[in-house]
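As the structure lists them, so they are numbered: ligands from 1, and atoms in each ligand from 1.
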Amino acid sequence: MDAESRLRRWLRPQLLQSQSYHVPDSRGLIKLDAMENPYALPDSLRERLLDALRDAPLNRYPDPQARELRELLIAQLGLADGLDLIFGNGSDELIQLLAIALAGEDRVVLAPTPGFVMYKVLAEALGMRFVGVPLGPDFSLDKSAMLEAIARHQPALVYLAYPNNPTGNLFDEQAMRDIIGAAPGLVVVDEAYSPFSARSFAGWLGQYDNLLLMRTLSKQGLAGLRLGYLLGPRAWIQELDKLRLPYNINVLTQIAARVVLEQPAELESQAREICESRQRLFAALGRLSGISVHPSDANFLLFRVPAGQGGRIFQGLLEQGILIKNLHGTPGLEDCLRVTVGTPQENASFLQALERIL
Ligand SMILES: *Cc1c(COP(=O)(O)O)cnc(C)c1O
């Protein structure tokens with residue numbers, strides 16, 4: 001048997017048919033494609049971080065429970081009795097963990113579309129079926145379509161991103177509660193963008209036995225650390241924890257996250273600045289003719305350019321050294337581009353380049 005036939009003989013057909021997740025090379029570019037916080041940590045915090053990391057016991061395995069970090073976060077969140085928390089190496093890992101826990105040939109993961117792509121990618125990687133329910137006009141939740149799809153497909157898992165990526169908006173709270181009430185399985189409210197949003201579902205935790213809340217430190221300013229967490233009823237979290245790799249959160253991440261979270265005001269003030277920049281960028285984009293920009297509660301803006309121009313404008317920006325995200329080709333997002341809010345200088349460079357291209 002030659003090498004190629006051996007590979008085709010053994011790898012899962014689904015894997016052979018799938019594409020790898022593409023991350024563009026951003027070296028030398030103004031990077032406004034991945035919802036990162038554009039600011040470095042303040043000097044005082046960096047000093048504390050270095051002090052703490054100096055003694056990091058890299059010869060030892062990490063604490064499998066990440067207890068110090070865990071206790072800090074539980075106290076900060078004021079997690080009620082009966083609720084628990086599980087950490088992931090980014091929330092991507094938690095999405096994978098949920099798929100591993102719920103997988104089965106006839107099992108469905110359901111989410112509004114356009115939405116976060118990893119829900120579909122990881123469901124399908126584990127052999128589950130993904131059902132996307134199109135959002136309504138203005139990217140609002142189509143409640144009756146959602147309820148109908150839930151009744152028909154009986155999903156094991158429903159994802160609701162709040163705010164939604166890549167559209168940036170919050171969904172109607174009552175519609176979400178109706179969906180949680182109607183879902184036969186788990187509902188995960190994904191609050192990756194909570195640092196930039198005035199609204200949260202945290203207050204509803206514990207009121208539904210099937211509601212989990214997922215968060216991440218990535219968009220807040222620690223994308224490089226890879227730390228996400230899932231909150232919810234202890235019974236669910238304990239079962240999920242059986243599947244978690246024991247040392248999934250490394251020593252450096254546990255220490256660094258703790259040091260930064262001990263001073264929450266630092267990242268909070270950066271988030272406020274990003275929200276102010278978002279409002280200025282929103283207004284500036286709105287003044288450009290031919291562009292329609294969608295309101296956002298996250299650290300990015302989705303905008304639509306004149307029909308047929310999406311690819312050209314994305315490419316033009318790239319040629320001027322600015323990387324954003326081209327969403328043209330995603331159903332419902334024809335000629336849509338997504339820009340992450342950067343520093344005031346980065347946003348100005350982006351706007352200048354965009355004006356030149358238009
Ligand atoms: C970015 C993002 C995530 C994944 O974040 P991690 O970096 O893996 O923690 C999850 N959900 C949504 C909606 C996102 O936009």
Side-chain angles (χ1 to χ4, degrees), residues 21-24 26 31-38 66 69 73 85-100 109-123 125 130 132 135 139 141 157-171 176 186-197 199-202 212-232 240 244-245 248-250 253-254 256-257 260-261 267 271 274 278 294 296-302 324-325 327 330 333 336 338-341:
Y21 186 77
H22 174 67
V23 178
S26 59
K31 192 173 186 312
L32 301 176
D33 66 326
M35 283 78 90
E36 292 142 326
N37 174 341
L69 182 57
L73 207 54
L85 169 159
I86 181 171
F87 287 115
N89 192 326
S91 34
D92 284 351
E93 193 189 39
L94 294 166
I95 298 169
Q96 184 184 51
L97 191 66
L98 285 159
I100 296 171
V109 172
L110 185 145
T113 52
F116 186 52
V117 292
M118 296 311 283
Y119 307 149
K120 178 176 195 280
V121 168
L122 292 170
F130 179 82
L135 291 170
F139 305 129
L141 211 48
L157 175 55
V158 175
Y159 280 106
L160 295 168
Y162 189 77
N164 189 43
N165 172 15
T167 59
N169 56 305
L170 292 165
F171 296 137
M176 287 181 54
L186 274 181
V187 177
V188 172
V189 173
D190 180 352
E191 293 192 348
Y193 299 96
S194 65
F196 315 100
S197 166
R199 313 268 298 270
S200 166
F201 257 67
L212 299 179
L213 193 71
M214 190 165 66
R215 293 213 178 143
T216 173
L217 302 192
S218 294
K219 314 297 155 74
Q220 203 168 355
L222 300 172
L225 282 188
R226 311 302 299 129
L227 188 72
Y229 54 93
L230 194 60
L231 307 167
L240 292 172
R244 183 181 59 82
L245 295 177
N248 66 329
I249 309 303
N250 72 70
T253 296
Q254 291 191 26
V260 176
L261 291 178
L267 290 187
I274 291 166
R278 173 184 73 204
H294 290 275
S296 167
D297 284 273
N299 62 341
F300 61 86
L301 291 166
L302 182 75
I324 64 169
K325 176 83 174 172
L327 290 159
T330 305
L333 297 181
C336 283
R338 185 190 68 196
V339 62
T340 303
V341 179

Quick one: look up the protein heavy atom nearest [atom] and list residue, atom name and how far away it is.
atom: atom 15 (O) of ligand 1; value: Y193 OH, 2.6 Å
atom: atom 13 (C) of ligand 1; value: D190 OD2, 3.3 Å
atom: atom 3 (C) of ligand 1; value: F116 CZ, 3.4 Å
atom: atom 5 (O) of ligand 1; value: S91 OG, 3.2 Å

*Is M214 touching ligand 1 with its side chain, its backbone, both, or neither, if touching means heavy atoms under 4.0 Å apart?*
neither

*Where at least one partner belongs to residues 217-227, residue pairs that pass side chain to side chain donor-acceptor pair (under 3.5 Å), sequence neighbours excluded*: Y193-K219, T216-S218, S218-R226

*How about Y159 and F116: are their ring centroids closer than 6.0 Å?*
no

Does a side-chain heavy-atom distance below 4.5 Å link [X] with [Y]?
X: R199; Y: D297; value: no
X: Y229; Y: L73; value: yes
X: P112; Y: L141; value: yes

*side-chain hydrogen bond (donor to acceptor under 3.5 Å, both in side chains) with K31: which residues, sequence neighbours excluded?*
D33, E36

*Does any N/O atom on Y119 come nearer than 3.5 Å to any N/O atom on ligand 1?*
no

Can you list the atoms of ligand 1 that are under 4.0 Å from a heavy atom of [X]?
X: D92; value: 4 (C), 8 (O)
X: G90; value: 8 (O), 9 (O)
X: S218; value: 6 (P), 7 (O), 9 (O)

_In this structure, does ligand 1 have an atom that sits under 4.0 Å from one of the heavy atoms of K219?_
yes

*asked:* Using heavy atoms and a 4.0 Å limit, tell me yes or no: is E93 in contact with ligand 1?
replied: no

*Scan N248, L97, L212, L231 and name whichever one has a side-chain contact (heavy atoms from CB on, under 4.5 Å) with I86.*
L97

*Distance, nearest 0.5 Å, that separates CG of L69 from CG of L227*: 6.0 Å

